[in-house]
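Notes for the one structure printed next.
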Amino acid sequence: MNTIRGAEAVMKSLVAEKVDTIFGYPGGAIMPIYDALYDFKDEVRHILVRHEQGAIHAAQGFARTSGKVGVCFATSGPGATNLITGLADAMIDSTPVVCITGQVASHLLGTDAFQETDVIGISMPVTKWNIQVTRAEDIADAIAKAFYIAASGRPGPVLIDITKDAQFGMVDFQYTPCQSIRSYRPHPVMNDTQIQEAVALLNSAQKPYLLVGQGIVLAEAQAELKAFVEKSGIPVASTLLGLGALPVDHPQYVGYLGMHGNYAPNILTNECDVLLAIGMRFDDRVTGDVNRYAKQAKVIHIDIDAAELNKIIPATVAIHADAKDALSALTQQIEENSHGKWLQQFKELRQVEEQEVIQEAVHPTSEALKMAEVVQLLSDKTNGDAIVVTDVGQHQMIASRYYEYKGYRNNITSGGLGTMGFALPAAIGAKLGNPSKTVVAIIGDGGFQMTIQELGTILQAKVDVKILILNNNFLGMVRQWQQLFFDRRDSFTEIVNPDFVQIAKGYAIEATKITEREALSGALDAFLNSKEAYLLEVVVEQEDNVFPMIETGASVADIRLN
């Protein structure tokens, strides 16, 4: 043991957890930790963001592409509160992040001191665990628990708030990684009887149907999923965050679920006889009206979070298990089968969607460029293997529909919270988390301006991120709803944009703007072939709507094609 300051104990603890990248923004209450960080510059790369929200979104992107825990620093008061949106986003999307915030000295707690905020109380609903540390000797244990909790079971965000006197305090440092916590059981013991019940239902089913979510990716169960799917012959559909769990060109992959998902997988939800859901939570965007959702089916629900079982859709068999374990057990016991006639129903409905929606979207007859044709061409040029980071809005739904995800951990988006401004900082983290991959941030003109300042982070850190702005000069998703459900009353959704190309060039980022279809292919080539960050603005049709669409409160079977 050696006697060191609490701030140095923070850094030594992080190094012990093999942290090599931190996103943050310094300030008064976290200054001792930043002073300690100065001596660890050769071991830990610090990325100076331009706003604390950028720090946590970058940490999320890093976690989602690397499979590691993302880490960010912020100071007290406004620095800490600027993390809250990202914490909520990470919480609902199960992203492992550890946030360390500075806090005023312990004797000032509760006095409304300068930049004092009760970040523990504020963050409690949007963290998996949080703790305030007021003594230097508690720092190492708090960090050890934080990493264990963030990464185990259903992952999530953790916040450690450290008072300034704890950072200055002296401690005999010793670090022991956390391997268990009393009453916390992150890895459930699978019930073999329930597995047998599930297998019996699946073996006797005429129209079995598998829905997969991000739980497959988080459990690193892609290989187990593929083995199960190919032995069972069951058709597979994906949630938004589950995209990439099974390559979209797999013959049994039938499409993307949800409000703007594919026609067949939504409609046929209400025709299957056994519905197997793994690592997904039956979000309202997937189910539509729950009172008319898969009422004819026996439901098997597998999730690592027991709280998700029977929460929204009652299950005939509810299995509390890790997706990897459950899939391995199911594959051992399932009968080899094929469901050709059932799969053919999906293919026939896919043809309806092709004729009614997809052909015009990717091969438009209109003069203006459409978002779908841009994304489809990007997908072709990257062979579906780029890491695609999307913001929130129409472009997000278009990317989810038309980018052909074939890679591993290559779909990064804000799913449950729907955070505009997510993509640019998350793409920075995604590139640093997986530097060998091409990272493309697909962003709308509205969301881009919510975190546009992170272009400065790209400039300073020299991060090779490709930024594709689909610009329709509208807050497009809101405008679509106003058109369809509010008598075309476009209330404050038209947006006057700045010159994005000139702004990018101000940050020393190469940039191009195109408006013509003839220029698209060459512009994408230059964009993808650049060795540095590049911004490509594509002006697209102003009132291009995303279809199919399930209206709020409608059944999945009522999905509309136009």
Inter-residue atom distance [X].[atom1] - [Y].[atom2], 0.5 Å rounding:
{"X": "Gln60", "Y": "Ile56", "atom1": "CD", "atom2": "CD1", "result": "5.5 Å"}
{"X": "Ser238", "Y": "Leu211", "atom1": "OG", "atom2": "CG", "result": "9.5 Å"}
{"X": "Asp249", "Y": "Glu404", "atom1": "CG", "atom2": "CD", "result": "7.5 Å"}
{"X": "Ile358", "Y": "Leu561", "atom1": "CD1", "atom2": "CG", "result": "9.5 Å"}
{"X": "Lys295", "Y": "Ile313", "atom1": "NZ", "atom2": "CD1", "result": "6.5 Å"}
{"X": "Leu243", "Y": "Leu240", "atom1": "CG", "atom2": "CG", "result": "6.0 Å"}

Sidechain-backbone polar pair: [X] side chain, [Y] backbone, donor-acceptor under 3.5 Å:
{"X": "Glu224", "Y": "Asp325", "value": "no"}
{"X": "His320", "Y": "Ile304", "value": "yes"}
{"X": "Asp305", "Y": "Ala307", "value": "yes"}

**Message:** Looking at every non-hydrogen atom in both residues, tell me the closest pair between Ile234 and Leu202 and how far apart they are.
**Reply:**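 Between these two residues, the closest heavy atoms are CD1-CD2, 4.0 Å.
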**Request:** List the atom of Met190, the atom of Ile319, and the distance in Å for their closest heavy-atom pair.
**Result:**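 So the minimum-distance heavy-atom pair works out to CG-CG2, 4.4 Å.
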Carboxylate-amine/guanidinium proximity below 4.0 Å for [X] and [Y]:
{"X": "Arg154", "Y": "Glu308", "answer": "yes"}
{"X": "Lys324", "Y": "Glu220", "answer": "no"}
{"X": "Asp283", "Y": "Arg281", "answer": "yes"}
{"X": "Glu373", "Y": "Lys370", "answer": "no"}
{"X": "Arg401", "Y": "Glu353", "answer": "yes"}

**Message:** Run the side chain to side chain contact (heavy atoms under 4.5 Å, CB included) test on Thr413 and Asp391 for me, step by step, so that the C-alpha distance in whole Å, both residues' side-chain angles and the decisive distance to 0.1 Å come before the verdict.
**Reply:** CA-CA 6 Å; Thr413 195; Asp391 214 79; over 6 Å; no
**Asked** So do the side chains of Asp284 and Val290 get within less than 4.5 Å of each other, counting heavy atoms only?
**Response**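 No - every pair of side-chain heavy atoms lies 4.5 Å or more apart.
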**Prompt:** Going by distance alone, is a donor N or O of one side chain under 3.5 Å from an acceptor N or O of the other, for Thr419 and Asp89?
**Reply:**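 A pair is found: one side chain offers a donor N or O, the other an acceptor, under 3.5 Å apart.
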**Request:** For Tyr184 and Ser152, test the side chains for any donor-to-acceptor distance below 3.5 angstrom and give the result as yes or no.
**Result:**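 Side-chain D/A pair, Tyr184 to Ser152: present.
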**Asked** Does the pair Ile47 and Arg45 meet the rule for a side chain to side chain contact (heavy atoms under 4.5 Å, CB included), with working shown?
**Response** CA-CA 7 Å; Ile47 305 299; Arg45 183 178 188 184; 3.4 Å; yes
**Request:** Please confirm whether Phe346 and Tyr209 have ring centers closer than 6.0 angstrom.
**Result:**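 Between Phe346 and Tyr209, the centre distance is under 6.0 Å.
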**Asked** Yes or no on side chain to side chain contact (heavy atoms under 4.5 Å, CB included) for Phe228 and Ser328, after CA distance, side-chain angles and deciding distance?
**Response** CA-CA 8 Å; Phe228 172 76; Ser328 295; over 6 Å; no
**Request:** Quick one: sort the His46 and Phe73 rings into parallel, tilted or perpendicular, breaks at 30° and 60°.
**Result:**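 Answer is tilted, since the angle falls between 30° and 60°.
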